[in-house]
Amino acid sequence: ATPPETAETAKPTAPAPAQPAAEPGVAPQEPTAETKAPPRAPSAPPPRAAREVVVETDLYRAVFTEQGASLLSFQLKNYWQRLPFETISRFGIGPVSLEIERYRDPSQGAKPKELVTAAANQVLPLSLSWEARQQSVPPDLFYEASAPSLTVKGDGTGTLTFKGVTPEGLAVTKTYRFKNGSYAFDLKATLANRTSQNLEGTLNLALTGRSATGAHESQSLAVYANKSLEEFAAGKLEGPKVLDKVEWAGLNELYFLTAAVPQGVPQVQATLLESKPNQLKATLGSSDNLPAGR
């Protein structure tokens, strides 16, 4: 089966509507005693420690990990974590307080803008999971990377492939394709069922992060669904929010948007969730059938 192709976009512009998505899938239900999936069998120990794989383009430096084939870091080379201003004078005129600031050379200690803000106990962005009664793929499955690093320059493109297999026989391939000069990149995920039974379940792709407290860092969950933009500021979402007819979903900051955009999949839902402390998660899900032996 070939689940959604996605693109993660990180750019200092407001989100723009995508093309309309197809009809929605079936909304997920809360698990009950009758529907709850059986406990997952313990995962086989990885053959070695997971490597970190660095992808360099002119615009960003991304770091992936083989533990989940997910994203550890995504730093923008042309933007800074904080504007490099320093205060050189403060004075007051009656009830009014004024500051004079000077712009510093960013090379003097300024850090590139980091878009990955997941907490230590959150799954990493672009983690993939398969949920079914019979089998599952955990978001931290160990993958083998096709290369230890990748550099894309000029008008070039580059591909990075991660392959993993569960102890039960589900083979997962995640293929990332990068193009220099663009913040967006493609992710194509495929599942092969090597077991003796047909499987029916849901494939999920997650974007995660923390809501920061700074005025220029606060994040919200955003989704474009049913031809409408909905945004949920940190602290405003009560319980999971499920939407269908989804065109994109992700985390929105004051100047930056990190979004997953499904491509070529007829039934996609988004589940938005906020958990304490200050943890945000947007999940895109697609139901699929995996015939045995394929």
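Both Leu251 and Leu237 belong to a common hydrophobic cluster when Ile, Leu, Val, Met, Phe, Trp and Tyr are linked at side-chain heavy-atom distances under 4.5 angstrom. Val223 and Leu273 fall into different hydrophobic clusters, where Ile, Leu, Val, Met, Phe, Trp and Tyr residues are linked whenever their side-chain heavy atoms come under 4.5 Å apart, directly or through other members. Under the 4.5 Å side-chain heavy-atom criterion for Ile, Leu, Val, Met, Phe, Trp and Tyr, Leu126 and Val55 are members of the same hydrophobic cluster.
The aromatic rings of Phe64 and Phe185 lie perpendicular to each other, with more than 60° between the two planes, well past the 30° mark. Aromatic ring orientation, Phe162 versus Tyr176: perpendicular (interplanar angle above 60°, classes split at 30° and 60°).
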Salt bridge (Lys or Arg N to Asp or Glu O under 4.0 Å) assessment of Lys163 paired with Glu144: CA-CA 5 Å; Lys163 293 186 177 182; Glu144 290 271 1; over 6 Å; no
Audit row: Asn121, Gln279, side-chain hydrogen bond (donor to acceptor under 3.5 Å, both in side chains) steps and yes/no: CA-CA 10 Å; Asn121 61 336; Gln279 296 183 5; 2.8 Å; yes
Side chain to side chain contact (heavy atoms under 4.5 Å, CB included) assessment of Lys77 paired with Glu56: CA-CA 10 Å; Lys77 295 182 176 181; Glu56 292 269 5; 2.7 Å; yes
Ring pair (Phe, Tyr, Trp, His ring centres under 6.0 Å) assessment of Tyr79 paired with Tyr255: CA-CA 11 Å; Tyr79 299 90; Tyr255 300 112; 9.3 Å; no
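Shortest non-hydrogen contact noted between Phe74 and Glu114 is N-OE2, 2.8 Å.
Interatomic distance, Leu272 CG to Leu243 CG, rounded to the nearest 0.5 Å: 6.0 Å. Separating the NZ atom in Lys281 from the CG atom in Leu207 is a distance of 10.5 Å, to the nearest 0.5 Å. With rounding to the nearest 0.5 angstrom, the CG atom of Leu150 is 6.0 Å from the CG atom of Leu160.
Under a 4.5 Å side-chain heavy-atom criterion applied to ILVMFWY residues, the cluster that includes Leu124 comprises Val54, Val63, Leu72 as well.
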